[in-house]
Amino acid sequence: MTEEEPPEGSLAIDTERDKLGYVMGHVGPYVQLRPLVGGREWDADPAHVRRATDAERLRAMQERTRALNAMSSRGIL
């Protein structure tokens, strides 16, 4: 992992896909990211991954809360 790569557990953005995700690991040449509300991880090119800004982290937490509330109200959680 280079110093520019976000550490595991941090929130990052894949600028190539314009998607936020949690850094799950660094495997081979890729950074593995997981969607905010869970699901299948995807491999991202480290050249296109950066730490999320404060505003992006806030947006992510709002999106995650909305999704979890929606699942809870449908009896999924």
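The hydrophobic clustering, which links ILVMFWY residues whose side-chain heavy atoms are closer than 4.5 Å, places Leu36 and Met24 together. Residues Trp42 and Tyr22 do not share a hydrophobic cluster, defined by chaining ILVMFWY side chains whose heavy atoms lie under 4.5 Å apart. Under the 4.5 Å side-chain contact rule for hydrophobic residues, Met61 and Leu20 share a cluster.
Panel note: side chain Arg57, backbone Ala52; a donor-acceptor pair is recorded below 3.5 Å. No donor-acceptor pair under 3.5 Å is formed between the side chain of His48 and the backbone N or O of Ile13.
With sequence neighbours excluded, the residues forming a salt bridge (Lys or Arg N to Asp or Glu O under 4.0 Å) with Glu63 are Arg59, listed by chain and number.
We find the CG-CD distance between Asp43 and Glu41 to be 8.5 Å, quoted to the nearest 0.5 Å. With rounding to the nearest 0.5 angstrom, the CD atom of Glu56 is 13.0 Å from the CZ atom of Arg51.
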- Item | Steps toward side chain to side chain contact (heavy atoms under 4.5 Å, CB included) verdict (Arg34, Arg40) | CA-CA 6 Å; Arg34 180 171 297 233; Arg40 181 172 237 166; over 6 Å; no
- Apply the test side chain to side chain contact (heavy atoms under 4.5 Å, CB included) to residues Leu33 and Val23: give CA-CA distance (whole Å), side-chain angles for both, the deciding distance (0.1 Å), then the verdict. CA-CA 5 Å; Leu33 298 170; Val23 177; 3.7 Å; yes
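Side-chain contact check for Thr15 versus Val49: every heavy-atom pair is 4.5 Å or farther apart.
Here the closest heavy-atom approach between residue Pro29 and residue Pro46 is recorded as O-CD, 2.9 Å. Nearest heavy-atom pair across Gly21 and Leu11 is O-CD1, 3.4 Å.
Judged purely by distance below 3.5 Å, without hydrogens or angles, the side chains of Thr65 and Gln62 never pair a donor atom with an acceptor atom.
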